[in-house]
Q: 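The structure that follows is given in the form of structure tokens.
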There are 2 protein chains.
Amino acid sequence: MSHNTTEINRQLRKSGYRVTPQRQLILDAVCQLGEHVTPEAVYDHVHRIAPTLSRATVYRVLHFLTEQRILAMVYMADGRLAYEMAGPEPHHHLVCRSCDSLLELPHSVLRSFRRTMDAQYDFEIDVSHLSFFGHCTDCRDSAGA
Amino acid sequence: MSHNTTEINRQLRKSGYRVTPQRQLILDAVCQLGEHVTPEAVYDHVHRIAPTLSRATVYRVLHFLTEQRILAMVYMADGRLAYEMAGPEPHHHLVCRSCDSLLELPHSVLRSFRRTMDAQYDFEIDVSHLSFFGHCTDCRDSAGA
DNA sequence: TTTCTTGTTGCGAAAATTCGCAACAAGACG
DNA sequence: CGTCTTGTTGCGAATTTTCGCAACAAGAAA
Ligand SMILES: [Mn+2]
Ligand SMILES: [Mn+2]
Ligand SMILES: [Zn+2]
Ligand SMILES: [Zn+2]
């Protein structure tokens with residue numbers, strides 16, 4: 001696993017939460033399984049190691065770790081929910097509806113858009129992890145609208 | 001109901017689809033129930049009129065009418081899916097995570113953002129109906145981050 | 001140590017959503 | 001009219017996700 005375990009544990013305990021074996025297992029699973037991991041994939045993975053760990057706990061922990069900004073949540077092209085490690089700097093995705101390819105966007109590309117919303121509507125957009133759907137370079141010409 | 005029934009019917013038939021009583025009922029329901037209508041609300045409404053109309057059909061028709069761009073789909077603050085009439089001009093929403101208030105955004109505010117994505121990433125963002133989450137004017141001062 | 005508080009889990013039930021399939025119905029075509 | 005094709009539905013089962021609640025466990029307090 002590639003996440004800073006001790007730092008995360010400190011952060012959780014500092015907020016009054018507990019570092020349980022279940023939470024560690026689930027976090028490790030997301031980390032190992034890569035980008036855009038579904039709850040079911042997490043369950044399959046951890047269930048092999050800890051057979052009593054329930055589905056409800058998987059859903060609850062994924063939710064919880066997202067609230068703690070340790071995980072990030074994202075809607076995929078098919079509408080389902082997935083998770084991935086959050087990382088220190090936010091990033092976003094361009095998802096192609098034709099080929100399901102993923103492009104990663106740096107957070108910086110949203111700065112001017114957020115400023116505009118702030119100025120025109122006095123609304124502070126929370127952009128920790130957005131996905132924009134559309135059509136990528138390769139699919140633009142081949143696919144008719 | 002306030003939607004142009006004959007125009008929609010023509011559009012569907014032209015594409016080889018059929019205008020069934022179920023589809024008409026469901027479309028009327030979304031239209032009457034207003035913005036951000038959940039599948040369950042649609043089902044409750046139409047089920048009183050047509051008791052044999054099944055939940056599966058509600059989900060299927062909402063999906064179908066969204067593909068046909070007659071309805072628009074939107075994620076609400078709690079993560080659930082909702083639908084509303086699409087209208088000729090796309091629009092978007094600012095959803096406050098504190099008070100659940102809704103601000104409607106004209107499509108024009110996304111033009112420069114789309115142009116940037118197109119120019120920098122050669123990616124054409126499909127923005128028929130987006131929701132951005134964050135904090136509105138009233139909630140920005142009262143709520144601490 | 002014992003007691004208390006509170007966060008956390010497992011379980012099973014409930015609710016929400018999707019799926020497969022047979023039956024139906026609209027329309028084309030003869 | 002009868003026949004075919006194909007889009008559509010209802011039903012029930014399967015799957016996914018949420019909920020309620022009792023039991024558990026970590027840590028603070030006594
Ligand atoms: Mn990501
Ligand atoms: Mn809308
Ligand atoms: Zn593509
Ligand atoms: Zn607000």
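What you see is a predicted model; the values in this text were computed from it and never measured. In what follows, chains are A, B, ... by sequence order, proteins preceding strands, each numbered from 1. Only heavy atoms go into these numbers, but all of them, side chains included; no hydrogens, no water, no symmetry mates.
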Q: Does OP1 or OP2 of D/dT9 have a side-chain N or O of B/T20 closer than 4.0 Å?
A: yes
Q: Check the surroundings of atom CZ in A/R97: do more than 12 heavy atoms from other residues, nucleotides or ligands lie under 6.0 Å from it?
A: yes
Q: For D/dG10 and B/T57 - does any side-chain N or O of the residue sit under 4.0 Å from the phosphate oxygens OP1/OP2?
A: yes
Q: Report the distance from atom NE2 of A/H47 to atom P of D/dT16, rounded to the nearest whole Å.
A: 14 Å
Q: Separation of A/Y43 atom OH from D/dT17 atom C1', in whole Å?
A: 13 Å
Q: Using the test side-chain contact (heavy atoms from CB on, under 4.5 Å), find all partners of A/L102 that sit at least two apart in sequence or belong to another chain.
A: A/E35, A/H36, A/H93, A/V95
Q: Between atom CD of A/E104 and atom NE2 of A/H91, what is the distance when rounded to the nearest 0.5 Å?
A: 4.0 Å
Q: How long is the line joining OH of A/Y83 and C1' of D/dT16, in whole Å?
A: 13 Å
Q: Report the distance from atom CG of B/L62 to atom P of D/dT9, rounded to the nearest whole Å.
A: 12 Å
Q: Report yes if at least one side-chain N or O of A/T52 is closer than 4.0 Å to OP1 or OP2 of C/dG10; otherwise report no.
A: yes
Q: Checking A/T116 side chain against A/S112 main chain: does a donor-acceptor pair fall under 3.5 Å?
A: yes
Q: State, to the nearest 10°, the angle formed by the axis through the first five base pairs of the helix from C/dT1-D/dA30 to C/dG30-D/dC1 and the axis through its last five.
A: 10°
Q: For A/Q24 and C/dT8, give me the distance from atom CD to atom C1', rounded to whole Å.
A: 14 Å
Q: What is the distance, to the nearest angstrom, from the CD atom on B/Q22 to the P atom on C/dA26?
A: 10 Å
Q: Got a list of side-chain donor-acceptor pairs under 3.5 Å for residues 13-25 of chain B, not counting sequence neighbours?
A:
| unit_1 | atom_1 | unit_2 | atom_2 | d |
| --- | --- | --- | --- | --- |
| B/S15 | OG | B/Q11 | O | 3.2 |
| B/T20 | OG1 | B/R23 | N | 3.2 |
| B/R23 | NH1 | B/R18 | O | 2.8 |

Q: For B/H92 and B/H129, test the side chains for any donor-to-acceptor distance below 3.5 angstrom and give the result as yes or no.
A: no
Q: Can any side-chain N or O of A/T66 pair as donor or acceptor with the backbone N or O of A/M73 at less than 3.5 Å?
A: no
Q: Taking only N/O atoms, report every protein-nucleotides 25-30 of chain D pair under 3.5 Å with atom names and distance.
A:
| unit_1 | atom_1 | unit_2 | atom_2 | d |
| --- | --- | --- | --- | --- |
| D/dA26 | N3 | A/R18 | NH2 | 3.3 |

Q: Within the sub-3.5 Å range, which N or O atoms of nucleotides 12-21 of chain C have a protein N or O partner, and how far apart are they?
A:
| unit_1 | atom_1 | unit_2 | atom_2 | d |
| --- | --- | --- | --- | --- |
| C/dT17 | OP2 | B/Y59 | OH | 2.3 |
| C/dT17 | O5' | B/Y59 | OH | 3.2 |

Q: Rounded to whole Å, please give me the gap between CG in B/L53 and P in D/dT8.
A: 14 Å
Q: Hey, does the side chain of B/H47 reach the backbone of B/P51 with a donor-acceptor pair shorter than 3.5 angstrom?
A: yes
Q: Is there a donor-acceptor pair closer than 3.5 Å between any side-chain N or O of B/T137 and the backbone N or O of A/D122?
A: yes
Q: Which pairs pass salt bridge (Lys or Arg N to Asp or Glu O under 4.0 Å) with one or both residues in residues 37-46 of chain B, sequence neighbours excluded?
A: B/E40-B/R55
Q: What's the CD-P distance between A/E67 and C/dG7, to the nearest Å?
A: 13 Å
Q: With nearest nucleotides of DNA chain C determined for A/F64 and A/P51 from heavy-atom distances, which residue corresponds to the more 5′ nucleotide?
A: A/F64
Q: Is it true that the side chains of B/T6 and B/N4 contain a donor and an acceptor less than 3.5 Å apart?
A: yes
Q: Do B/R111 and B/S108 have side-chain N/O donor and acceptor atoms under 3.5 Å apart?
A: no
